Amino acid sequence: MLDKFEQMQKFSTILLLAALTVAAPAAYGQAGPPLGDDFIFFVNGTNTMVPTFDGAVVEDPAMAGNSVIQYEYGNWSFQAFRFDAATGVDMSANRDSGDVLHLRLWVDPANAGMEKVALMMEDKTDGSGADDGSADLPFRLVWRVPEDMRNGEWHDLEIPLPPATWQELEDGKAAETLDDLAEHWVYAGAWSSGGFGVGVSDEAGPNTTENPTLWQEFEWSNVQNIGFFWDNNTGGGPVRVDDVYIGAPGLDLSMATNPPSAMSGVMFEAITGGNRISWMHNPEYSAYNVYASTNEFTASTDLRSDPDIVLVASVPHTADSFAVVHRVEVLHPSLAEQPLYYAVTSLSVFGVENTDISGSSGMVNNPELPVQAYITELTDSEAEMLFTDLSANNASGEGFPDWLMPFVVDSTHSKQADAGLPDNDEDLSAKVWAGYSTDNELFIYAEVTDDVITLAPSAVPPSDAWQHDSIEFGWGNYDVRDAGGTIFAGSPHQDMERGDFADYQFRISGHGDGTKAGTTPYAFVGWSIDAVPQGGGAVYDVLETNGMVTGWRVLALFPLDAIQNTDQGDAVVPPPTGTDFRVIPFNIALNDGDGANRDAQIQWSIKGNAGSQWWNTPAQWMSVAMSGRLTVTGVDDVEPLPESIALEQNYPNPFNPVTSIQFALPATEKVTLRVFDLLGRPVAILLDGQTLSAGAHTVRFDGRNLASGQYIYRLEAGGAYVESRRMTLIK
């Protein structure tokens with residue numbers, strides 16, 4: 001008599017065997033699109049027509065300037081070129097026409113003697129993922145790397161594709177009719193996520209004793225992956241491949257290294273908030289690069305070395321739209337409008353760029369660009385008020401002048417940094433004001449909107465507070481032009497530097513329970529003294545809206561003449577005063593740690609190259625004006641602020657086809673300005689939630705594409721203000 005445990009084991013075994021003896025699923029079905037003649041996967045770059053690629057492209061250690069693919073060893077690791085999971089590709093014609101799999105192969109000697117080290121193809125599955133034997137499994141065709149090629153040397157291989165079926169391949173081996181390299185092909189069965197194999201252990205094909213009812217022939221008409229496979233967990237080393245293609249022996253690979261035809265047919269136009277560059281897609285191209293500069297592009301322009309040229313965007317052939325909006329902001333109110341020059345290049349499917357821009361460059365002079373926030377010199381009384389607030393533990397920031405526009409970090413002006421994006425502006429956003437005294441003291445006031453305040457624990461040092469709710473700043477203590485950069489492109493530093501052009505990271509963090517009484521704030525400096533500087537400090541408080549806690553706020557002081565590492569030659573730089581003007585590399589990053597550690601980080605940026613690693617790459621930071629107080633209007637000439645929001649009648653009115661719309665703001669606000677026809681249908685969005693400083697503003701409206709008649713323009717600001725006026729277009 002079996003006991004209960006033995007009965008359960010026996011019953012489970014019967015169920016598993018029943019699951020594994022279901023009828024073998026049919027082949028997946030309709031063939032994928034043909035791979036095509038002489039299909040090249042990689043030559044100094046990956047073919048972008050292959051949707052997914054594993055591995056890293058590195059420089060060949062044996063040949064400077066030559067790129068190769070490097071696969072790193074992993075237990076049971078398969079790294080491959082992967083075709084579309086919905087279609088696969090049909091390689092039947094390639095096999096029948098006598099094509100070869102060509103590649104240069106380098107195998108680390110650490111793989112010597114290891115079991116089942118191979119090149120591998122997998123056929124497409126039905127995608128069900130079922131692990132009970134009912135799924136269409138990924139069947140394998142492998143080419144086992146001979147031991148004499150696992151020697152750390154390059155081998156140039158032209159491996160004939162094998163016969164179509166397991167039996168034909170085995171017959172060819174038995175009759176010794178196969179090429180020596182083709183002898184290493186094996187139809188190696190399949191493995192299921194259910195933990196069982198089909199013809200894997202004995203590699204006996206349809207004669208397998210390992211779940212024989214599930215055996216299928218490899219589907220040449222539905223190949224999905226081709227790459228390198230370590231079918232073991234016993235260790236190994238890296239593998240490199242180069243010049244990978246399926247095609248005729250001795251194929252000329254210059255088609256993969258030659259540039260495509262030159263780009264043409266590009267349109268350039270000014271729009272609200274930036275400039276638009278657009279073109280029609282050419283199927284010959286895999287991607288497009290869009291460049292911008294304050295200097296005109298010529299035939300002799302070097303796109304890769306000119307310090308003033310910025311890569312605005314790289315647009316792949318899979319993009320939904322072949323248009324780029326380059327967001328541009330005027331650096332400072334005192335600067336005249338600056339025309340910008342653009343050029344678009346074409347890239348081949350292997351990433352080779354044609355830098356001929358003779359037919360794809362143009363200029364845009366946009367008078368409607370918004371003014372960027374800047375860092376201003378404070379009067380003695382303003383600085384004294386801020387210092388008094390710091391001493392009194394008051395985080396109000398009321399010492400900053402009312403007319404100074406804050407840096408706004410939110411969904412309309414930010415890019416992802418080294419963590420995820422926040423859910424919305426209520427989850428994470430901020431307004432940040434910055435100013436400095438004639439004593440070289442930098443004051444920063446920030447209001448951070450955060451729905452869950454999770455500060456660093458009290459025991460965490462300021463150097464580690466980036467993992468929790470905090471604000472970080474990139475600060476270059478120099479003018480970008482003196483360091484070899486430009487106002488437009490910014491700092492040339494790809495790494496943090498010391499000396500005359502020194503880079504720093506500031507951080508303001510609260511440590512404690514998030515209440516004012518239970519939180520200790522710090523003003524921390526990294527990348528030099530790595531400490532809380534003497535004479536600096538911060539005060540913290542919660543941020544409340546209508547009696548509800550909606551975030552936190554801080555007021556901090558950084559003594560700019562006490563942050564230098566003088567042992568490494570950092571210069572003490574006096575601040576610009578009066579009519580002096582400096583353009584510094586500057587960045588703001590918000591950290592949000594709703595969980596145990598940081599889960600979101602965004603940075604104040606509209607630069608095309610801004611992204612991860614911003615914290616040690618000043619070249620990613622924005623260029624920001626650090627201006628003496630007299631650079632705009634002079635302190636005595638500052639216009640009084642309006643007492644309320646006011647929308648004026650457009651002028652001229654009637655108009656044809658351009659008119660100006662004026663409005664005034666008593667404080668910094670998010671503003672939306674739209675134009676409607678008399679039926680209430682929107683015809684233009686002039687401002688869309690854009691943050692504007694206090695004062696008077698003028699927006700230009702061009703109605704050349706509209707019919708004559710009356711239109712309504714409507715201003716929304718301050719969360720509650722809405723006003724509309726009529727205007728008349730006469731052509």
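Index from 1, following the sequence. Computed from a predicted model, the values in this text were never measured in an experiment.
No donor-acceptor pair under 3.5 Å is formed between the side chain of Y291 and the backbone N or O of R304. Looking only at distances, a side-chain donor or acceptor of D479 sits under 3.5 Å from a matching main-chain atom of V583. With hydrogens and angles disregarded, a donor-acceptor distance shorter than 3.5 Å links the side chain of N366 to the backbone of I271. Listed for the E284 side chain is a donor-acceptor partner under 3.5 Å among the backbone atoms of S261. Looking at D580, its side chain never comes within 3.5 Å of a backbone N or O of P575 through a donor-acceptor pair. A donor-acceptor distance shorter than 3.5 angstrom exists from the side chain of K607 to the backbone of A619, with no hydrogens or angles considered. Under the 3.5 Å distance criterion, the side-chain polar atoms of S293 are left unmatched by any main-chain donor or acceptor of Y341. The backbone N or O of E377 lies less than 3.5 Å from a partner atom in the side chain of R629, making a donor-acceptor pair. Between the side chain of K415 and the backbone N or O of N609, no donor-acceptor pair lies under 3.5 Å. Side chain of Q662 to main chain of A646: no donor-acceptor pair is present (N/O by atom type, distance under 3.5 Å, no hydrogens or angles).
Counting only N and O atoms by type, the side chains of E472 and N591 include a donor and acceptor under 3.5 Å apart. Neither side chain, Q601 nor W615, offers a donor N or O lying under 3.5 Å from an acceptor on the other. A donor-acceptor pair shorter than 3.5 Å cannot be found between the side chains of D410 and S429. Donor-acceptor pairing under 3.5 Å is lacking for the side chains of Y721 and S644. Between the side chains of Y342 and S360, not a single donor N or O lies within less than 3.5 Å of an accepting N or O. Between the side chains of N354 and S346, no donor-acceptor pair is found at a separation under 3.5 Å. If you check the side chains of H697 and Q690, you find no donor sitting under 3.5 Å from an acceptor.
Of all non-hydrogen atoms in G551 and I453, the two that sit nearest each other are O-CD1, 3.3 Å. Closest of all the heavy-atom pairs between Q613 and N616 is O-OD1, 2.9 Å. Pairing each heavy atom of I730 with each of N656, the nearest pair is O-CB, 2.8 Å. Of all the heavy atoms in D599 and A419, the pair that sits closest is C-CB, 4.0 Å. When all heavy atoms of H317 and H281 are compared, the closest pair comes out as CB-CE1, 3.8 Å. Contact detail for H413 and W604: the closest heavy-atom pair is CE1-NE1, 3.1 Å.
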Would you check, one step at a time, whether the test side-chain contact (heavy atoms from CB on, under 4.5 Å) holds for V364 with L340? CA-CA 5 Å; V364 181; L340 289 178; 5.5 Å; no
Give the intermediate values and the outcome of ring-ring contact (aromatic ring centres under 6.0 Å, His included) for residues F407 and F586. CA-CA 11 Å; F407 298 90; F586 179 71; 5.3 Å; yes
Between Y713 and T659, does a side-chain contact (heavy atoms from CB on, under 4.5 Å) hold up when you go through it step by step? CA-CA 12 Å; Y713 58 98; T659 188; over 6 Å; no
Please assess F488 against I309 for the test side-chain contact (heavy atoms from CB on, under 4.5 Å), listing each intermediate value before the final yes or no. CA-CA 8 Å; F488 182 58; I309 294 177; over 6 Å; no
Test side-chain contact (heavy atoms from CB on, under 4.5 Å) on R714 and T672; report intermediate values, then the result. CA-CA 8 Å; R714 183 170 71 194; T672 296; over 6 Å; no
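Distance CG/N650 to CZ/R700: 14.0 Å, rounded to 0.5 Å. Separating the CD atom in E716 from the CG atom in L647 is a distance of 11.5 Å, to the nearest 0.5 Å. The line from CG of L386 to OG of S396 is 8.0 Å long, rounded to the nearest 0.5 Å. With rounding to the nearest 0.5 angstrom, the CG atom of D592 is 8.5 Å from the CD1 atom of I602. The OG atom of S612 sits 9.0 Å away from the CD atom of Q603 when rounded to the nearest 0.5 Å. Interatomic distance, CG of D594 versus CG of D451, reported as 5.5 Å (0.5 Å rounding).
Between I444 and V432, the closest side-chain pair of non-hydrogen atoms falls below 4.5 Å. In this structure, R553 and Y445 have side chains that are in contact, with non-hydrogen atoms separated by less than 4.5 Å. You'll find the side chain of P406 reaches within 4.5 Å of the side chain of T668, heavy atoms only. For the pair V315/V344, no side-chain contact is recorded, criterion being any heavy-atom separation below 4.5 Å from C-beta on. The side-chain heavy atoms of D469 and V448, taken from C-beta on, include no pair separated by under 4.5 Å. Looking only at side-chain heavy atoms (C-beta outward), E353 and N289 come within less than 4.5 Å of each other. A 4.5 Å side-chain heavy-atom check between W614 and D418 finds at least one atom pair inside the cut-off. The shortest distance between side-chain heavy atoms of P370 and E329 falls below 4.5 Å.
A perpendicular orientation is assigned to the rings of F581 and H332, their planes being inclined by more than 60° (bins at 30° and 60°). By the 30° and 60° cut-offs, the orientation of the rings of W475 relative to F506 is parallel.
A salt bridge links E269 with R276; the closest basic N to acidic carboxylate O contact falls under 4.0 Å.
A centroid separation of less than 6.0 Å is found between the aromatic rings of F322 and Y288.
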